[in-house]
Amino acid sequence: MIADSPLFWIIALPFTASLLAICLPARARDAVTWLGGIATLSCLVLTARLYPSVAGGETIRHEVEWIPELGLDFTLRMDGFAWMFALLVSGIGFLVVIYSRYYISPEDSVRRFYFFFLAFTGSMLGVVTSGNLILLVVFWELTSIFSFLLIGYWYQNVAARDGARMALTITAIGGLALLAGVLIIGHIVGSYDLDDVLASGTRIRSHQLYVPALVLILLGALTKSAQFPFHFWLPNAMAAPTPVSAFLHSATMVKAGVFLMARLWPVLSGTPEWFVIVGLAGMASLVLGAYLAMFQQDLKGLLAYSTISHLGLSTLLLSLGSPLAAVAAIFHMINHATFKASLFMAAGIIDHETGTRDLRRLSGLFRYMPITGTLATVASAAMAGVPLLNGFLSKEMFFAETVERHADHWLDIVTPYAAVLGSALSVTYSVRLIHSIFLGAPPESFPRRPHEPPFWMGFPVLFLVLACLVVGTIPGLTIGTYLHVAVESVLGADTPQYSLAVWHGFTLPLAMSTVALVGGTLLYLAIGDYLEASERPLLLGRINGQRIFEQVMVAISWRGARSLEAILGTRRLQPQLQLLMLAAVAAGAIPLAVDGLTLGKYEVKGPELAFAGLWIVGAACAVTAARQAKYHRLASLVLLGGTGLVTCMTFMWLSAPDLAVTQLVVEIVTTVLLLLGLRWLPKRSQAIVEPVGAAARLRRLRDLGLAIAAGAGMTVIAYAVMTRIPPETIAEYFLERSYLEGGGRNVVNVILVDFRGFDTFGEITVLGIVALTVFALLRRFRPAPDSIERPEQQHIQRVFDEAYPERKPDATAHDYLFVSSVIMQWMFPVIIVLAAYLFLRGHDAPGGGFAAGITMAAGFILQYMAAGTVWVEDRLRILPVKWIGGGLLVAVGTGAGAFLAGAPFLSSHFQYLDLPFIGEVPLATATLFDLGVFLLVVGATVLMLIALAHQSIRRLRASRIEEQA
Amino acid sequence: MMGWTQHLLIAPILLPMATGAALLLFDERRHRFKAGVNIASTLLLLILSIALLRIADISPGPGSLTHSYAVGGWPAPFGIVLVLDRLSALMLLLTSVLAAASMTYSLARWHRAGPHFHTLFQLLLMGINGAFLTGDLFNLFVFFEVMLAASYGLLLHGSGPVRVRAGLHYIAINLVSSLFFLIGVSLIYGVIGTLNMADLAMRLVEAEPGNRALFEAGAAILGVAFLIKAGMWPLCFWLPPAYTAAAAPVAAMFALLSKVGVYVVLRLSLLLFGSDAGALTGFGSQFLLFGGMATIVFGAIGVLATQSMGRLASYNLLVSSGTLLAAIGMGDAAVISGALFYLVSSTLTVSALFLLIELVERAQEPGANLLTVTMEAYGDEVDAEGDEEQEVGLIMPGALAIVGVCFGCIALLLAGFPPLSGFIAKFALLAAMFNPDGLGGEAGIGGPTWVFAALVILSGLAALISLLRTGIRTFWAPVEAVMPRVLVVEAAPIIVLIVACVVLTVQGAPLLRYTDAAAQSLHMPANYIDRVLPPSASGNETGEIER
Amino acid sequence: MNRVLPYPLLAASLLIMWMLLNAFTLGHFVLGAAISMIATHAMTSLQPSKPRLRRWQLLPRLAAIVMLDILRSNLAVATIVLQGRRRERVSGFVAIPLELRDRTALALLACIVTSTPGTAWVEYDTDTEILLIHVLDLIDEDGWIELIKNRYESLLLEIFE
Amino acid sequence: MSATILIWSLTLAHLMLVLAMACNVYRVIRGPRAQDRVLCLDAMYVNAMLLVLTFGMRTGSTHYFEAALVIAIIGFVSSVALAKFLMRGEVIE
Amino acid sequence: MELILAIAIGVLTGSGVWLILRPRTFQVIIGLSLLSYAVNLFIFSTGGLHVGQAPVLGPDGSGTLAEHADPVPQALVLTAIVIGFATTALFLVVLLASRGLTGSDHVDGREPR
Amino acid sequence: MTHIESLPAWAALLTALFVLIGASLTLLGAIGTLRFHRFFERVHAPTLGTSWGTGAIVISSMIFFTVLQSRPVFHEILIGAFITVTTPVTLMLLARAALYRDRAEGREDVPPHPAALRRKASSGGED
Ligand code: NA
Ligand code: NA
């Protein structure tokens, strides 16, 4: 079971506690702290209790299937190395909790802090115990995310926001690279399981994808560990609360990178590529970090650069490829964690007590806080590599390794010098740290009067410093066995002989240590005052990583992206439509060009003169409509009608009477519709000046070309289709069964209401939806200011009418329709009969519900035109929305009626009913369906037209209200 | 005779249709009643789609899982058939989940922002479901139109200059694309003589070579129409303005609309141009691959370039479209399985983001706390009385924190960061790309695959950078954050969608097994054809759900 | 009768229309009757001005006269078109004071005038009751006034008022 | 013989009617005024209707009747709308 | 016959495409209408051309493709006509709303600078 | 064209005659729209087609189908009737609109409104 495994709980506990923390009430500050302490302590204890099995060389595994298909399993795996790190993480985590109890001020949200902190702890423990590389990436990214949230804990500060963002951006880039690298590893190995991967070192190194995998994984590791050239995010992350820095930037987060390099060291190391990349990064970080640390005025900044430098040391060690170097690297990782965590916490105490972290303002603090001063001094000494402290031991091993020959490369020759230089600089900044803060004259005033912190706040520092001392003096008795377990689990059979003795005799490494210590101290004596006064580092001061990063980010992700977006995209409609057309023309033309177009020979009778004439008329209308649409809208509309008419005639000519009828009625209603709209468009006479000149001409020419291409393409395709021998189509089936099984002679109509009634079902829905949309839109319609006025004609006629008061008001309008409206009204019942005729005939002859519906709607419109909206609506109560709903329901109800007969939706049923006197009457459910169509079409058409027409009276109503006001 | 359960297949179309139509018969001002009916219908649809998913997934293995329903009792290929397989069932479920979320969200205020919202919403569902279910090319056009028409209405829902301006472009472009659709379909009919997709696939093999060029032209023009909908660069510039302008619950549904285009491309390209298609095998796949990758690039650039959250979400949608299209272009079953997982996850995420944006904006400016609806309806004599009633529902405590957490989760999901399903999805895609024959296979990795993989990863990075910028600006930078008035019905759907993503993370394996089976069966078009076309096409006895 | 069938003539005409369109069978009589009833009722709800047909038996005579006149005018106008500019021709407006009040009758007159090639109904002012027509071949203005008034208006007055 | 005459006369009628449409379309295109265009569009409708009738005779089929009837009964609706637009600037008041 | 119709379709398409690439909304709507004529004719033409062979069956109620035109494209055109009508109406209203709300009848809702 | 051959000669000739008459009248009307120079003249032209142009073709159609189907076919008469009734509506409205537009532009060749005439006359009487 899951719960049985302590390994599982080591991960689960912090996460559970984290969620609990955020759920606790805001007042329960102590409870939250206790929760954090218990969680970390439990992890610590759980980890510690695993020691016996780990020490026996066993690898504890805990596997839960997650997505086995993809090789992703929730595999936890603990060996000595992981154990060592888990201990470090949970141990220092616990100390940080104790410390934070006193650090986090009452104004800050403790819940939020522990939410993030514990989740981070869990993620970090996940990273070290992941037994599956993908799972490792998961936890890896989680550490990035939670570190982002922790760094941004005081998000009110700009520095915190910027630092957090930069940290996340850099580490996330690295994390993604790591993912890619891991994927390649998976591709090479065939598994993401760490054990499998560790067993496939040779295979990986000899694979052609080794270099990309290596580069990507190193990208992940180096960014995480803030190694050159990705180091710059770490100093900016110092905006985090100090406990966070103590935890993340000494012991955990940044350690993840070197941890990973050590973890995969057996698999990836030993090649020239590894040596060069890792070595360069490590060496540069070592020296540069130490150099820049000297110049820092911010206490935490100094520690941050120092961290970069010390991690560089570990990295450099790992690059060397020798097992002994790896041992040293692992040892230094542990040592660094202890002294750096204590230093960070000490820095936090100083900041907490004095209110500043500025080295220039801090001075003579020893007098006020001797204990803290002592502890910090010891820790600094460990950092500087002073003998009898843990830092000295690993540094000694480091020197010993650097003088060895590892590769035939200039880098290898430079290493010892760089090592000494870095160590010397490290001594310099360590001395400066102590000297500047604790010694010298106390300043006139601190923001607060400093004193020693409460015992439990100082306790973690004390504990860690003691650890430095103990390890530094009796390494063999203390760390020795544990280190050996860790080392052995990484190196396995390659584990070298090494000794952790304090004294190895007068060796070259000792000499190097001495040089570094003396040189560093002398350097401080020489330039200490300069450092104290410097604004920015010498030489490299102008190179500000943060600024470069920000500039690059702005350039690439903001300005660059914006200009690219503008180049690659557009927000204007015309270019978009051009692209659409271009795409369609290309889509049609390319296959034809590639596969070759063959024109068929099939032809219905030769060209007919009248038909040609018809299309001369049609084409003339179309082309003129296109030319006139800009300045003469009405003309264009009329010409469009002409084109439509010719289209109708074509349908008629070519055996499609149904289409002819439908197109006709639609044509008529569309014309009315567009005319209704025309009233709200601006007058073209007051036209906006259109762009002229060469560019505009070119644009028009291009559009013309596109239009001609599209037209030509359609001509070719249409001609090719028409002249082919027709394929065997499904149509035969319809012709055969239309009458026998569909009960109708008009095959088109039977297809529409029966064979493919489902299409019609959707189609009327479209019409209904559009009508509702039109209605909705027009309810919110606001005419443009220049359209609100009555049309010019009405204005003139009104003036005329007012000039002749003896006539009725609005006499012109009245007289205009006085006679003709009579005929228009008398046509109403005729149109109803026509609609009924088209509807009932539809199944056997041209017509059908749609044509009937539009016809009926035309009848209504005619009444509106004849007598005006108000007049009609006083007399006829048309509820078009109900017609729409009713029509849809009739259609769906008819279709669903088939369910009762156990047949699929829309299955039709027809029979001949023998009525007395009348004879046989065909009754088809399809007719009922068509009734639904009819109802909907009437409703939708009327709704659209009337909604438009209502705009005119809305305007009247509005102006009337205005007049009253 | 058919049992009632066998009609389940058509229910996802009929139910929303009937609901939408019935709602028209009631007075527009009965908002609560209509909302109740709508939500009940949407939940029923959710249950229905779960049932259909179970039907589609009832037996193990990829084959013999296609169910067909001959509408009107006319056998395929003559009549219209609806086809249910794993892919369509998955899309149906996704639709109904999003619908339930959006619908709930809209109850806070949006459903009263204009007339007939509920009907339009239900009819949109009808269109989407129909597009997923139909096995007929022209019927697909019809359902596309239903869907588009409803989307026009919903996009314009609430009116206002921004929406109308965006709507004009959206409608113009979709009208043109509908014309392309028609040209493509009719050309295919003219050349091949059928409209049924399965029949088409079958006849294509026998089609004479002389007709092939014309068919290809038709298919390509059809493809342009779908790719416009799916949002492939350079046919996608309409999408960000339109989706940004739409009301939040509408935009959340729109996140699915572009997936309909993707769905159709996937369905048709594997059915018609699959491995059995002879000379037509792989037609257009290169184009999809490179077009998809271009779309990812453009989407990622847009993601980086934008300041507005709406556009951010839209561009993320483009990225996801591009990813899916390129994955289809790769044509590999494993990749498509990953892509389907990605589709589900990314759609849920972007929908959640679209819903969230409004709440976030409410937190940014105090004015937004006022009813946006009221502001827009100001001075409208028709709607005035409707806004008297207060918004319904409880006000969410701790809204800002919840909004922030949701935003964080969505950011992780979009960027494809662990631990949420966005990561699983991208990992599934990448793993399939790197290991086309499964982990440990021998197949190498081709050049385009490298580019595609890089783009998948880098687009996530772009999303991260942009969301980080936006998130910090929104949640961290303001000195005095306004406590937004967020109703429970607004926050709950977002949380539910995010929780769904969490579930996808934890229960990734079952879904991946499902998508795997779906992808496998897509790669066996013969199965589909056999199930859709009755053994003897002349038989009358059809219209049953066939197991 | 009035309530069931407010416009009997209309209903009958519609019925005839229906049977012309379909067939003269009993079935279509029944169906047509139903449909024409519906249509008539729809018309009723519009409440149009109801014409009072006094002597509807004169209608066929009017129709015959008009058809013949139209035929004549057809030929006349066709000649004009064919002649083109060879003949001097004056066209112009003629104002005719009318006595006809009934709107339906006016509509009928309008149909007659307009359907006759060569004359076009242009404007009717309800206040002055003056009809303005346009004549294509205006030789004798008074002749046209006479024609309209005597030949058509008087007959229409007889039928309607 | 008589059949030939009928066929020829129907074909001729087609041509004449199409020619009539062409004449009308000239005015629709050239105007000069909007009323000319509307007038001639209306005339085109009538020409088209007559074309439908003659075509019905030529094919001996009654399926074309509905189209002609539709033009006869509601063909004038759009022309009325256009005319009213010219007069009042608004189709429905 | 085929050639005439093909050219006609081409001319309608060309005019329509030209118009939808224009900047004024009214031009676009006329263009869309012309394009839908073209597309309807195209759909129609894919069934092949037939004169005097309407797909309306005789009294015996039987028929084959030899004596009747293909009814399927006709049915498709009918659907397309309906949808075209609906969308024309919608586009019209949207362009009016756009003109009303933005004050411009440019397709982008603002005059180009 | 088998159906045409089954037609008796007299019917065929009669049909042909009426068709040609109708088509010619319509064509002449259309030519009229080309030839006439003013709108108010052009307005007369289409009536050729709508009156006897339509009439002749309707008659020929009735003859044709009556003979062809050996039963009375009269429904075409409806077309004639409705064309006669509806065309005037268009023409009246259009002519009046044209008149208004000409008056609004102050053209001299159209008569003023009757009301204006009357006022002129009455004011003239006062003088
Ligand atoms: Na100092
Ligand atoms: Na006349």
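It should be emphasised that the depicted structure is a prediction, and the values quoted were computed from it without experimental measurement. Here is how names work: the chains are called A, B, and so on, in the same order as the sequence lines, proteins then strands, and each is numbered from 1.
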query: Looking at A/C621, A/G618, A/A731, which has the largest count of heavy-atom pairs under 4.5 Å with chain E?
result: A/A731

Structural part of A/F734 lying under 4.5 Å from a heavy atom of chain E: side chain

message: Which heavy atom of E/A75 sits nearest to which heavy atom of A/L752, and what is that distance?
response: O-CD2, 3.8 Å

- prompt: Can you say whether A/W653 sits under 4.5 Å from chain E via the side chain, the backbone, both, or neither, judging by heavy atoms?
  reply: both

query: For the residue pair A/A629 and E/F26, what are the closest heavy atoms and their distance?
result: O-CD2, 3.7 Å

For chain A, the option from E/T25, E/V28, E/I20 that forms the most heavy-atom pairs under 4.5 Å: E/I20

message: Heavy-atom cut-off 4.5 Å, strictly under: side chain, backbone, both or neither for E/L96 against chain A?
response: both

message: Go through it in stages, so that I can follow the logic: the residues are E/H50 and A/L654, the test is side chain to side chain contact (heavy atoms under 4.5 Å, CB included), and I'd like the CA-CA distance, side-chain angles, deciding distance and then a yes or no.
response: CA-CA 5 Å; E/H50 306 264; A/L654 297 171; over 6 Å; no

- prompt: side chain to side chain contact (heavy atoms under 4.5 Å, CB included) between A/T643 and E/L12: does it pass, once the steps are laid out?
  reply: CA-CA 9 Å; A/T643 319; E/L12 291 182; 3.3 Å; yes

message: As an exercise: rank E/V82, E/L5, E/V77 by heavy-atom pairs under 4.5 Å with chain A and give me the winner.
response: E/V82

query: Which heavy atom in E/A86 sits nearest to a heavy atom in A/L767, and how many Å separate them?
result: CB-CD1, 3.5 Å

- prompt: Are A/T723 and E/E2 close enough that a side-chain donor and a side-chain acceptor fall under 3.5 Å?
  reply: no

field: Winner by heavy-atom pair count (cut-off under 4.5 Å) against chain E, out of A/L640, A/T760, A/V666
entry: A/L640

message: Please rank E/S104, E/A89, E/P71 by heavy-atom pairs under 4.5 Å with chain A and give me the top one.
response: E/P71

- request: Take atom CD of A/E728 as the centre, draw a 6.0 Å sphere, and report whether it contains more than 12 heavy atoms from other residues, nucleotides or ligands.
  value: no

Pairwise distance CG(A/L676) to CG(E/L92) - rounded to 0.5 angstrom: 8.5 Å

task: Check whether more than 12 heavy atoms from other residues, nucleotides or ligands sit under 6.0 Å from atom CZ of A/R700, and answer yes or no.
output: no

message: For A/L678, which atoms come within 4.5 Å of any heavy atom of chain E: side chain, backbone, both, or neither?
response: side chain

task: Please look at A/Q628 and chain E and tell me whether the side chain, the backbone, both or neither of the residue comes under 4.5 angstrom of a heavy atom of that chain.
output: neither

query: What closest approach, in Å, do A/T670 and E/F85 show between heavy atoms, and which atom pair accounts for it?
result: OG1-CD1, 3.6 Å

query: Under 4.5 Å between any side-chain heavy atoms of A/I708 and E/W18, yes or no?
result: no

query: Counting only heavy atoms not in A/I725, do more than 12 sit closer than 6.0 Å to its CD1 atom?
result: no

- prompt: Which bit of E/I30 comes within less than 4.5 Å of chain A, counting heavy atoms only: side chain, backbone, both or neither?
  reply: both

Student check: side-chain heavy atoms of E/L101 and A/R782 closer than 4.5 Å: yes

task: Drop me the distance from A/I751's CD1 to E/L78's CG, to the nearest 0.5 angstrom.
output: 10.0 Å

query: Which answer fits A/I717, side chain, backbone, both or neither, if we ask what part of it has an atom under 4.5 Å from a heavy atom of chain E?
result: both

message: So for A/L673, is it side chain, backbone, both, or neither that comes closer than 4.5 Å to the heavy atoms of chain E?
response: both

message: With rounding to the nearest 0.5 angstrom, report the CG to NE2 distance, A/L735 to E/H68.
response: 6.5 Å

query: Distance from E/R22 atom CZ to A/K630 atom NZ, nearest 0.5 Å?
result: 7.5 Å

statement: Between the CG atom in E/L76 and the CG atom in A/D759, the distance rounded to the nearest 0.5 Å is 7.5 Å

- prompt: Is a side-chain N or O of A/S655 found less than 3.5 angstrom from the main chain of E/G52, in a donor-acceptor match?
  reply: yes

field: Heavy-atom donor-acceptor pair, E/R99 side chain to A/A784 backbone, under 3.5 Å
entry: no

message: Could you measure the distance from the CZ atom of A/R627 to the CD atom of E/Q27? Nearest 0.5 Å is fine.
response: 12.5 Å

field: Best-contacting candidate, E/I9, E/L34, E/N40, E/I29, against chain A by heavy atom pairs under 4.5 angstrom
entry: E/L34

task: Measure distances from E/I43 to the heavy atoms of chain A and classify the residue's part below 4.5 Å as side chain, backbone, both or neither.
output: neither

- prompt: Is A/Q663 close to E/Y37 at the side-chain level, that is, under 4.5 Å between some pair of heavy atoms?
  reply: yes

query: Do you know which of E/G16, E/G63, E/S62, E/P73 has the most heavy-atom pairs with chain A at a distance under 4.5 angstrom?
result: E/G63

message: Using side chain to side chain contact (heavy atoms under 4.5 Å, CB included), reason through A/Q574 and E/L21 one step at a time and then give a plain yes or no.
response: CA-CA 5 Å; A/Q574 287 165 276; E/L21 300 179; 5.7 Å; no

- request: Write down the atom of E/L19, the atom of A/A625, and the distance for their closest heavy-atom approach.
  value: CD1-O, 4.3 Å

field: Partner chain E: residue of A/V748, A/I730, A/V721 with the largest heavy-atom pair count (under 4.5 Å)
entry: A/V748

field: Flag side-chain contact, heavy atom, 4.5 Å: A/L659 against E/F44
entry: yes

Toward chain E, the part of A/F850 with a non-hydrogen atom under 4.5 Å: side chain

field: Heavy-atom proximity to chain E below 4.5 Å, by part of A/L681
entry: both

message: Counting heavy-atom pairs closer than 4.5 Å to chain E, which one of A/M714, A/R756, A/Q578 comes out on top?
response: A/M714

Residues E/D105, A/R633: salt bridge by 4.0 Å N-O rule: yes

query: Between A/V937, A/L674, A/I616, which has the largest tally of heavy atom pairs under 4.5 Å with chain E?
result: A/L674

message: Can you tell me which of E/L41, E/T46, E/D60 forms the most heavy-atom pairs within a distance under 4.5 Å of chain A?
response: E/L41

field: Donor-acceptor pair, side chain of A/T715 and main chain of E/A6, under 3.5 angstrom
entry: yes

- request: Of all the heavy-atom pairs spanning E/D108 and A/R571, show the shortest one and how long it is.
  value: OD1-O, 4.2 Å

- prompt: Among A/G713, A/P846, A/G644, which residue forms the greatest number of heavy-atom pairs with chain E at distances under 4.5 Å?
  reply: A/G644

